[in-house]
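A short worksheet on the structure shown next.
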Amino acid sequence: MAPVLHEVRFRNIAVIGNPNAGKTTLFNALTGLRQKVGNYPGVTVEKKEGRIDFDNGLEATLIDLPGTYSLTANSPDEQIATDILLGRANHTPPPQLVICVVDASNIERNLYLVSQIIDQNLPVIVALNMVDVATDQGTRIDIATLERELGVRVIPTVANKGIGIQELKHAILFNNISTGRLRQWRLPELVQKECQELVGMLQSFDKMPEHIAFHNAILLLTTPGSVPDQVERYSPEILEHVRKDHQKLDFLGFDRQSVFVESRYKWIREVCAKSVVQEKQTDLTVSDKIDRFVTHRVWGFLVFLALMAIMFQSIFSWANAPMELIGDGFNWIGQQVTRLMPPGDLRDLTVNGALAGVSAVVAFLPQIAFLFLFLGLLEDTGYMSRAAFIMDRLMSRVGLHGKSFIPLLSSFACAIPGIMATRTIENPKDRLATMLVAPLMSCSARLPVYTLLIAAFVPGTTVLGIFSLAGVTLFSMYLLGLVAALVMAWLFKKTLLKGAPPVFIMELPPYKIPSLKSVLLHTWERSRLFLKKAGTIILGVSIVLWFLATYPKIEHATPSEQLKHSFVGMTGQMIEPLIKPLGFDWKVGIGLIGSLLQREVFVSTMGTIYNIQNSDQSNGSVSLKEQMRSDRNPVTGARTFTALTAICIMVYYVLAMQCMSTVAVMRRETNGWKWPLFQIGYMTSLAYGATFVVYHAGLFLGFGG
Amino acid sequence: MTELALSALRPGDRAVIKHLHTSTPHIRQRLMELGMTRGASVELIRVAPMGDPLEVKIKGYRLSLRKMEAEAIVVRREK
């Protein structure tokens, strides 16, 4: 039979399905690495497209629509999916074929969306995924009967093992016409009558095509109040008719909301009665057994702590080796450029400006990649939802969602993956609140700053005889960040981002063995995006910083003097009055400016100021420590750094937004500059205020000098 | 008729959903679309270690929801 797909080069095929139905795995199986990720214009919803190649040389574009439970859109994700399917998205044309991914082990709920898709009068193919899981739980599905009931091809698949993919591709080529048996689900007669009338009116008055009219008729009839969403879409006659309909149906005793949902489920039950046989399950499933352990009062938390410990271990130590490799690599490149280029400003700019900047970003990469990998694995196994389940109580106390916990926790390593991980939070306000406070969790870049200052200025005494004061100080800094994050989140949810308390309705999918291929692909994609977006901004910032730190030039100056008289140095001296109330002088000011690139730059900037070459190595640190300790103000004779100033610098670093890479990611994730700028503003104010208080309280209590 | 709130069930109890008194309409709709319809069978699996949220079994899968939402769902216990 000749393929029905002819000019398929630009053919649009959409993939849709419930979350956790294996949609992404199926999408990956169909497209391989030929995919790209972006954003839909104007919203923070991710747009994922890929290319599917067929054996006969034809190809098509596959769009992975956001996972959704229903087309009655509740979140921006679902709104996008609905708009595209209905053909009302300006940026994306309606698909010519829809592949509905259905989780066979959970078929009833999954068929709800399928019934809505079939209503749209588009060609549909059902990919009945995870049939292996279904078989394991004693569910047997008669494909032929299901096909007959739905009116579309049903292809059994096990996406993570590649089973059924060829058959699916074949169906896409040869069975892509069937739009399904329209509206098999029956409303009660009286409701049906009103609905049909309204559909007719929407078609004639508002010129809507039939399937859109039907979709809107349902929305209008189920609206609780008298004013529907997007009221401007409808003509006044329609609105008047709807008002009367509401009265009529309410009077007749119909629950307008539930009648539509229940009618669909009634039909689904009938379909399943004919095509699905479920053996009684008496034993606990493997998932249940695991859950008993994982959500246990005591064991659950221990498992959680263990997993988090492993995650942090991987960030702090396993990522070190690749990071050093990258550092060495860039050093080598720097040396080669130094060798090959004639001395002068251009060489200096390339090595100390551009290269330094690029290496700063790439240095992040191992940590970020490890984090994404770990988070991806946790998500794929199904553990994430359990973590959210356990932690929800704590999160809801500050007005956040259980799903906020893991992004916040991973921000202890690096806020960038943490911010990106908030995508799973459906409510935009909850998501934004989480993103805004994530950088308050002390990331790993702050550690060198803390380490230097604690080593130099915190006495080696012990607290309570066992804990070192140094350790306690370090812990306090982390604690400060955590507390600040929770307090600010609570504050935001109470004021700016005020909304209904987050609704926590979340599916707990059965545990599964993670698909390494999917997770690696996902990690690769995310890391690539980070490099691209942050890289461009950081490159710009580092070149500018290099410029400001090098000019104006002075003849025969030591690096320290050169730095002092450069724009950066002058800026540092200029802002000194601003930061003096915090106990900082211009040298610290320069360090703060340098930290815009990477917080660790504070350490190397201090090194330059005190003429130390390799200040990040241990013997360098020793001399840097001593230099800092003995440094005195030439005018007053007072010491530049005391234990108090050290604490103040640390407090500032805990709370301030400095990392330009994070700003870049915030810009991307919120699709604009408003929120990143707000974040910079509130965090800087918070840092300034807190440091001010600490400094003056310290002085008052006699700690200065 | 033993009618009670879903949140009042004990782990292992099975019940049939009678009414949803959820105050927010779009949450009510979402719950129903997820399978919590009148007449549906629901089983309380467990309560989270800190006391909230709850995990229920509905239409063959596991759903977690907060006590606040569960309080608005009236069920009748099955023997």
Side-chain angles (χ1 to χ4, degrees), chain A residues 18 20 69-74 103 105-110 112-113 116 137 139 222-225 255 257-258 260-262 264-266 268-269 272 278 287-288 291-292 295-301 385-386 388-394 396 402 500-510, chain B residues 5-7 10-14 16-76 78:
Chain A
N18 283 179
N20 304 309
Y69 291 109
S70 153
L71 292 184
T72 57
N74 255 339
D103 177 357
S105 66
N106 188 350
I107 194 168
E108 275 194 73
R109 192 203 69 211
N110 275 255
Y112 186 85
L113 180 63
Q116 291 180 318
Q137 70 183 37
T139 310
T222 53
T223 310
D255 179 332
Q257 237 187 3
S258 56
F260 288 90
V261 179
E262 286 170 10
R264 282 191 205 268
Y265 268 116
K266 181 156 168 290
I268 291 172
R269 246 197 328 276
C272 288
Q278 174 69 53
S287 271
D288 277 324
D291 262 339
R292 279 221 165 151
T295 58
H296 187 268
R297 187 160 266 154
V298 174
W299 292 113
F301 282 112
S385 49
R386 270 74 181 179
F389 182 68
I390 303 177
M391 289 300 168
D392 182 61
R393 183 94 193 262
L394 195 66
S396 63
V503 179
F504 187 81
I505 300 178
M506 186 188 71
E507 185 185 351
L508 290 159
Chain B
L6 179 60
S7 52
R10 286 180 307 265
D13 283 354
R14 285 204 183 128
V16 172
I17 297 180
K18 294 265 108 194
H19 312 282
L20 286 110
H21 293 308
T22 318
S23 46
T24 318
H26 78 263
I27 299 177
R28 186 168 184 264
Q29 170 141 42
R30 176 43 43 111
L31 285 170
M32 289 193 290
E33 287 180 325
L34 287 172
M36 310 273 281
T37 50
R38 293 183 298 192
S41 249
V42 62
E43 179 184 341
L44 181 69
I45 301 290
R46 62 170 54 85
V47 176
M50 291 200 265
D52 203 2
L54 313 174
E55 181 184 342
V56 300
K57 185 171 173 182
I58 182 90
K59 294 252 186 329
Y61 75 98
R62 304 301 173 83
L63 186 67
S64 78
L65 64 163
R66 289 198 178 141
K67 264 201 178 130
M68 197 172 81
E69 268 84 46
E71 266 159 17
I73 301 175
V74 179
V75 302
R76 191 183 67 216
E78 274 177 11

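It should be emphasised that the depicted structure is a prediction, and the values quoted were computed from it without experimental measurement. Chain naming here is simple, since letters A, B, ... match the order of the sequence lines and numbering starts at 1 in each.
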A side-chain contact here means heavy atoms from C-beta on lying under 4.5 Å apart; do B/M50 and A/D392 qualify?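 SC-SC contact between B/M50 and A/D392 ruled out.
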So which heavy atom on A/S258 is nearest to which on B/R38, and how close?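 Minimum heavy-atom separation between A/S258 and B/R38: OG-NH2, 3.5 Å.
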B/P53 to A/F504 - nearest heavy-atom pair and separation: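 It is CG-CE2, 3.5 Å.
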Donor-acceptor contact present, side-chain [X] to main-chain [Y], <3.5 Å:
X      : Y     : result
A/Q257 : B/P25 : yes
A/T295 : B/A48 : no
A/R393 : B/D52 : no

Heavy-atom contact with chain B under 4.5 Å, split by part of A/Y112: side chain
Top contributor to chain B contacts, counting heavy-atom pairs under 4.5 Å, from A/Q137, A/R386, A/E262, A/M391: A/E262
Chain B interface, residue from A/I107, A/I268, A/D291, A/T139 that has the most non-hydrogen pairs under 4.5 Å: A/D291
Under 3.5 Å, is there a donor-acceptor pair between the A/S70 and B/E33 side chains?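 There is such a pair between these side chains.
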For A/Y69, does the six-membered ring have the charged nitrogen or CZ of B/R30 within the cation-pi criterion, i.e. under 6.0 angstrom from the centroid and within 45° of the normal? no
Taking the cut-offs as 6.0 angstrom to the six-membered ring centre and 45 degrees off its axis, would you call B/K59 and A/Y265 a cation-pi pair?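 Judged by the rule (NZ or CZ under 6.0 Å from the ring centre, within 45° of its axis), B/K59 counts as positioned above A/Y265.
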B/R28 and A/D255: salt bridge (charged side-chain N to carboxylate O under 4.0 Å, His left out), yes or no, with the steps? CA-CA 12 Å; B/R28 186 168 184 264; A/D255 179 332; 2.5 Å; yes
Do A/D288 and B/R62 pass the salt bridge (charged side-chain N to carboxylate O under 4.0 Å, His left out) test, and can you show the C-alpha distance, the side-chain angles, and the key distance before you say yes or no? CA-CA 10 Å; A/D288 277 324; B/R62 304 301 173 83; 2.8 Å; yes
Relative to chain A, which of B/R46, B/Q29, B/E69 shows the most heavy atom pairs under 4.5 Å?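 It is B/R46.
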